[in-house]
Amino acid sequence: MSGRSFARTPVGCLEIISDGSALVGIRSCPEPFGDVSGDTLTAEAERQLAEYFSGDRRKFELPLRLCGTDFRLRVWKALAEIPYGGVVSYSGIAALAGSPKACRAAGNAVGKNPFLIVLPCHRVIASDGTVGGFSADIGIKKYLLEFEKKLL
């Protein structure tokens, strides 16, 4: 049994999707749409996201179904290792994924992250410190970086 729910957060609406045994996606959406049939996994994701935005959670503990190339999987797993409030460059995430020369490919993989906030792609920035590129609105990325910095 799969589930789908929506969480209203300080960065807007997030669609949470499960296949019944793991989450398969968390993404930004303008507003809830279609059928909503949440399950225990989507409810748990909503709870943990609420804790994150209240400042009570720094690391997520959710079952995620990651589907992608070996390289993308390595990049997404590396995202989970970036500490709360920290940042890493695209070359840094490529190195963490075991391919230090694959900066552009790492950036592409970061942009395809299926789990907004939970796999913290917002913590990846350009090597010159600028905040650019994000799968959702760039304002969300800036908000999340400032939000985490404030709570440290």
Side-chain angles (χ1 to χ4, degrees), residues 3-18 22-36 38-68 71-97 102-152:
R4 183 166 160 253
S5 67
F6 296 91
R8 294 209 182 269
T9 74
V11 296
C13 184
L14 299 176
E15 180 184 24
I16 304 166
I17 307 163
S18 108
L23 295 174
V24 295
I26 298 176
R27 61 185 173 213
S28 179
C29 62
E31 60 184 62
F33 60 91
D35 293 332
V36 176
D39 60 12
T40 57
L41 292 171
T42 61
E44 180 61 15
E46 286 182 59
R47 185 183 72 76
Q48 289 189 29
L49 284 162
E51 289 174 350
Y52 169 82
F53 283 110
S54 70
D56 295 328
R57 176 171 293 276
R58 293 187 174 196
K59 191 158 180 88
F60 292 90
E61 298 169 1
L62 296 165
L64 307 178
R65 180 148 348 272
L66 294 166
C67 298
F71 181 73
R72 280 189 181 172
L73 294 174
R74 291 194 322 265
V75 169
W76 295 338
K77 288 178 182 176
L79 290 174
E81 301 306 314
I82 306 169
Y84 182 93
V87 293
V88 66
S89 67
Y90 288 97
S91 59
I93 203 73
L96 287 171
C103 302
R104 286 186 186 206
N108 188 340
V110 168
K112 301 290 187 199
N113 171 20
F115 295 99
L116 191 65
I117 301 168
V118 171
L119 291 180
C121 55
H122 60 277
R123 297 179 190 153
V124 182
I125 62 172
S127 58
D128 67 2
T130 57
V131 177
F134 196 53
S135 59
D137 182 271
I138 192 71
I140 294 173
K141 182 173 187 169
K142 290 177 180 177
Y143 175 91
L144 293 170
L145 290 169
E146 285 301 313
F147 172 77
E148 290 183 5
K149 186 194 266 185
K150 246 191 289 188
L151 292 179
L152 279 178

**Prompt:** Less than 4.5 Å apart, any side-chain heavy atom of I117 and any of L14?
**Reply:** yes
**Fill in**
Sequence neighbours excluded, the answer for side-chain hydrogen bond (donor to acceptor under 3.5 Å, both in side chains) partners of D128 is T130
**Message:** If I compare all heavy atoms of P114 with all of L66, which pair ends up nearest, and what's the gap?
**Reply:** CG-CD2, 4.3 Å
**Prompt:** Are side-chain heavy atoms of P32 and C13 found at a separation under 4.5 Å?
**Reply:** yes
**Message:** Run the salt bridge (Lys or Arg N to Asp or Glu O under 4.0 Å) test against R47 and tell me which residues pass, sequence neighbours left out.
**Reply:** E44, E51
**Prompt:** Just how far is it from atom OG1 of T42 to atom CG of L49, taken to the nearest 0.5 Å?
**Reply:** 11.0 Å
**Asked** From L23 CG over to D39 CG, what is the distance, rounded to the nearest 0.5 angstrom?
**Response** 8.0 Å
**Request:** For residues 108-134, pull every pair meeting ring-ring contact (aromatic ring centres under 6.0 Å, His included), keeping only residues two or more places apart or in separate chains.
**Result:** none
**Within-4.5 Å side-chain heavy-atom neighbours: S135 and L116** = yes
**Prompt:** Is it true that E148 and R123 have a side-chain N and a carboxylate O under 4.0 angstrom from each other?
**Reply:** yes
**Asked** Any side-chain heavy atom of L119 within less than 4.5 Å of one from L64?
**Response** yes
Would you mind writing out the side-chain donor-acceptor pairs for residues 71-84 within the sub-3.5 Å range, not counting sequence neighbours?
unit_1, atom_1, unit_2, atom_2, d
R74, NE, A97, O, 2.6
R74, NH2, S99, OG, 3.0
W76, NE1, A109, O, 2.8

Show me the side-chain donor-acceptor pairs of residues 139-147 shorter than 3.5 Å, one per line, residues at least two apart or across chains.
unit_1, atom_1, unit_2, atom_2, d
K141, NZ, V124, O, 2.6
K141, NZ, G132, O, 3.0
K141, NZ, G133, O, 3.0

**Prompt:** Can you list the residues that meet the side chain to side chain contact (heavy atoms under 4.5 Å, CB included) rule with S91, with sequence neighbours excluded?
**Reply:** S89, C103
**Message:** With side chain to side chain donor-acceptor pair (under 3.5 Å) as the rule and sequence neighbours excluded, what pairs involving residues 26-35 come up?
**Reply:** E15-R27
**Request:** Could you pull out all residues at least two apart from R65 that satisfy salt bridge (Lys or Arg N to Asp or Glu O under 4.0 Å)?
**Result:** D19
**Fill in**
A50 meets the side chain to side chain contact (heavy atoms under 4.5 Å, CB included) criterion, sequence neighbours left out, with none
**Asked** Where do F53 and V11 land on the side-chain contact (heavy atoms from CB on, under 4.5 Å) test, with the steps shown first?
**Response** CA-CA 9 Å; F53 283 110; V11 296; 3.9 Å; yes
**Prompt:** CZ of F6 to CZ of R4: how many Å apart, nearest 0.5 Å?
**Reply:** 3.5 Å
**Residue list, salt bridge (Lys or Arg N to Asp or Glu O under 4.0 Å) with E46, at least two apart or on another chain** = none
**Request:** For R104, look at atom CZ and say whether over 12 heavy atoms of other residues, nucleotides or ligands are found less than 6.0 Å away.
**Result:** no
